[in-house]
Protein chains: 2
Amino acid sequence: MTDDDDSGSHALSLRMQRGDLFAEKCPSREVLKHVTSRWGVLVLVALLDGMHRFSDLRRKVNGVSEKMLAQTLQALEADGFLTRKAYPVMPPHVEYQLTPLGREVAEKVAILTDWIEGNLMAILTEQQQYQARQAVQSEAQAVD
Amino acid sequence: MTDDDDSGSHALSLRMQRGDLFAEKCPSREVLKHVTSRWGVLVLVALLDGMHRFSDLRRKVNGVSEKMLAQTLQALEADGFLTRKAYPVMPPHVEYQLTPLGREVAEKVAILTDWIEGNLMAILTEQQQYQARQAVQSEAQAVD
DNA sequence: CCGTATCCGCGCCGATACTG
DNA sequence: CAGTATCGGCGCGGATACGG
């Protein structure tokens, strides 16, 4: 309960047309989930430099299992972010590639990941300082 | 096993200086996890328009529980993305605000969320078409 | 008002085995 | 090579109760 702002149903449906992340039931939450999922992020960024086969992705995205990779790829394909082309040869050969729509999201995601990679040291430093402050707090509590 | 590319340890440590998402044990994976977490995304974007109190965020970020909000805020504070100022009055009063570092990530995240919100309709259309193709496939299989 | 502590279900995800 | 199927642990996250 306490959810569901049905006030102004016209305004609501208009907002639904462009999506409102802050509204609980908005489908954009689902899309965001796929895009920002642990492996979704890495797959999208990996595919930014062109077509990849399944095993290429598996090797590039360190630590992903077959199951999770397949699952992630399906979700992104269902959202229209990538295409899957299977060649019925032996041994099997499947190619994954970003769609124009997918390339756009992937670029936005890459902006974020690039920033994090580039500022990692600054962030780690902040983490250290936070830990230090916490230690002081604990010490102060031990005195009282 | 089979992880751990320790080949070229100098190159590795250099890469660690700027972070490499594709390397399994890189700390940037943790940071990314906080930033792209279900509630982390929404909190960062919400804080983009200035200071918020705890209950402000709770109301703005529809659907988040107290526990998850507190947990999310702690993680983002530990990463140095936001500051927490508690005024020891009755009733309690706590203010959350982005740091300069936090503002930068938040802006990158907002680029992504804005794009998704703006292109939601196109994505939903793609999803429909995917479902339709799947239905055809199932039908074709029923024939053989 | 702003949390922390505890319990607990459910879904993520890894491991393994099997198909085409 | 590129998956699907199944099982099982465990951690995320919701609900509730309680403290400052």
Side-chain angles (χ1 to χ4, degrees), chain A residues 1-3 24-25 29-30 32-43 46-47 51-78 82-97 134 137-138 140-141 144, chain B residues 1-3 24-25 29-30 32-43 47 51-78 82-97 134 137-138 141 144:
Chain A
M1 334 305 178
T2 81
D3 50 328
E24 180 150 19
K25 309 152 302 165
R29 288 254 181 122
E30 275 307 301
L32 188 70
K33 189 175 183 174
H34 299 156
V35 170
T36 65
S37 71
R38 182 164 180 211
W39 307 118
V41 171
L42 298 179
V43 166
L47 285 177
M51 179 270 289
H52 282 66
R53 297 184 55 178
F54 187 85
S55 44
D56 291 340
L57 289 171
R58 183 137 164 63
R59 232 171 300 109
K60 195 162 183 175
V61 179
N62 232 307
V64 68
S65 67
E66 286 193 0
K67 179 185 170 181
M68 282 298 98
L69 182 54
Q71 199 168 296
T72 302
L73 288 168
Q74 279 180 12
L76 293 177
E77 188 192 2
L82 56 83
T83 59
R84 176 186 186 276
K85 262 174 279 184
Y87 298 88
V89 298
M90 191 62 191
H93 184 99
V94 183
E95 295 181 353
Y96 293 94
Q97 200 162 201
Q134 294 305 90
Q137 298 258 342
S138 304
Q141 272 199 350
D144 79 310
Chain B
M1 333 308 176
T2 79
D3 51 330
E24 179 150 21
K25 308 152 303 164
R29 289 253 181 121
E30 276 307 300
L32 188 70
K33 188 174 182 175
H34 300 156
V35 170
T36 64
S37 71
R38 180 163 181 212
W39 306 119
V41 170
L42 299 178
V43 166
L47 285 178
M51 179 269 292
H52 282 66
R53 295 184 55 177
F54 187 84
S55 42
D56 291 339
L57 288 171
R58 184 136 163 61
R59 230 172 302 109
K60 195 162 184 175
V61 180
N62 232 307
V64 68
S65 67
E66 286 192 0
K67 180 187 170 181
M68 281 297 98
L69 181 55
Q71 198 168 298
T72 302
L73 288 167
Q74 280 180 11
L76 294 177
E77 187 194 3
L82 57 84
T83 59
R84 177 186 186 275
K85 263 176 279 187
Y87 298 88
V89 298
M90 191 62 192
H93 184 97
V94 183
E95 295 180 354
Y96 293 93
Q97 199 161 202
Q134 294 304 91
Q137 297 259 339
S138 303
Q141 272 198 348
D144 77 323

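Here is how names work: the chains are called A, B, and so on, in the same order as the sequence lines, proteins then strands, and each is numbered from 1.
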*Assign A/E95 to base, sugar-phosphate, or nothing according to its heavy-atom contacts below 4.0 angstrom with the strands shown.*
nothing

*Comparing A/A70 and A/P91 on DNA chain D - which has the more 5′ nearest nucleotide*: A/P91

*Checking side chain to side chain contact (heavy atoms under 4.5 Å, CB included) for the pair A/V41/B/L32: CA distance, chi angles, key distance, verdict?*
CA-CA 9 Å; A/V41 171; B/L32 188 70; 3.9 Å; yes

_Spacing between A/L69 atom CG and D/dC1 atom P, to the nearest angstrom_ = 14 Å

_Distance check needed: D/dC1 C1' versus A/R84 CZ, whole Å only._
12 Å

*Could you list the residues that satisfy salt bridge (charged side-chain N to carboxylate O under 4.0 Å, His left out) with B/R59, not counting sequence neighbours?*
B/D56

*Bend across the helix from C/dC1-D/dG20 to C/dG20-D/dC1, to 10°, with axes taken over 5 pairs at each end?*
40°

_Give me the atom names and distance for the closest heavy-atom approach of A/A46 to A/H52._
O-CE1, 3.3 Å

*Not counting sequence neighbours, which residues clear side-chain contact (heavy atoms from CB on, under 4.5 Å) with A/T72? List them please.*
A/W39, A/V43, A/L76

*Which nucleotide span of DNA chain C, 5' end to 3' end, has atoms closer than 4.0 Å to non-hydrogen atoms of chain B?*
C/dC1 to C/dC7

*asked:* I'd like to know whether A/L57 forms a side chain to side chain contact (heavy atoms under 4.5 Å, CB included) with A/L42, so could you lay out the CA-CA distance, the side-chain angles of the two residues, the decisive distance to 0.1 Å, and finally the verdict.
replied: CA-CA 9 Å; A/L57 289 171; A/L42 298 179; over 6 Å; no

*In chain order, what residues pass the side-chain contact (heavy atoms from CB on, under 4.5 Å) check against B/R38, with sequence neighbours excluded?*
none

_Residue pair B/L47, B/L82: steps toward the side chain to side chain contact (heavy atoms under 4.5 Å, CB included) verdict_ = CA-CA 9 Å; B/L47 285 178; B/L82 57 84; 3.8 Å; yes

*With sequence neighbours excluded, tell me which residues meet salt bridge (charged side-chain N to carboxylate O under 4.0 Å, His left out) with B/K33.*
none

Side-chain donor-acceptor pairs under 3.5 Å in residues 83-96 of chain B, sequence neighbours left out?
unit_1: B/T83; atom_1: OG1; unit_2: B/Q97; atom_2: O; d: 3.4
unit_1: B/R84; atom_1: NE; unit_2: B/Y96; atom_2: OH; d: 3.4
unit_1: B/H93; atom_1: ND1; unit_2: B/R53; atom_2: NE; d: 3.4
unit_1: B/H93; atom_1: ND1; unit_2: B/R53; atom_2: NH1; d: 3.1
unit_1: B/H93; atom_1: ND1; unit_2: B/R53; atom_2: NH2; d: 3.4
unit_1: B/H93; atom_1: NE2; unit_2: B/E95; atom_2: OE2; d: 3.2

*What distance separates A/H34 NE2 from A/Q71 CD, expressed to the nearest 0.5 Å?*
9.5 Å

*Who are the salt bridge (charged side-chain N to carboxylate O under 4.0 Å, His left out) partners of B/K67, not counting sequence neighbours?*
none

Which pairs, protein N/O on one side and nucleotides 7-14 of chain D N/O on the other, fall under 3.5 Å?
unit_1: D/dG13; atom_1: N7; unit_2: B/K67; atom_2: NZ; d: 3.2
unit_1: D/dG14; atom_1: OP1; unit_2: B/R38; atom_2: NH1; d: 3.2
unit_1: D/dG14; atom_1: OP2; unit_2: B/S65; atom_2: OG; d: 3.1
unit_1: D/dG14; atom_1: O6; unit_2: B/K67; atom_2: NZ; d: 2.2

*Determine: side-chain N/O of A/R58 to OP1/OP2 of D/dC1, distance under 4.0 Å, yes or no.*
no

*Round to a whole Å and report the spacing from CD of A/Q74 to C1' of D/dG3.*
9 Å

*Can you find a side chain N or O atom of A/Y96 that sits less than 4.0 Å from OP1 or OP2 on D/dG3?*
yes

*Using a 4.0 Å heavy-atom cut-off across all strands, classify B/P92 as base, sugar-phosphate, or nothing.*
base

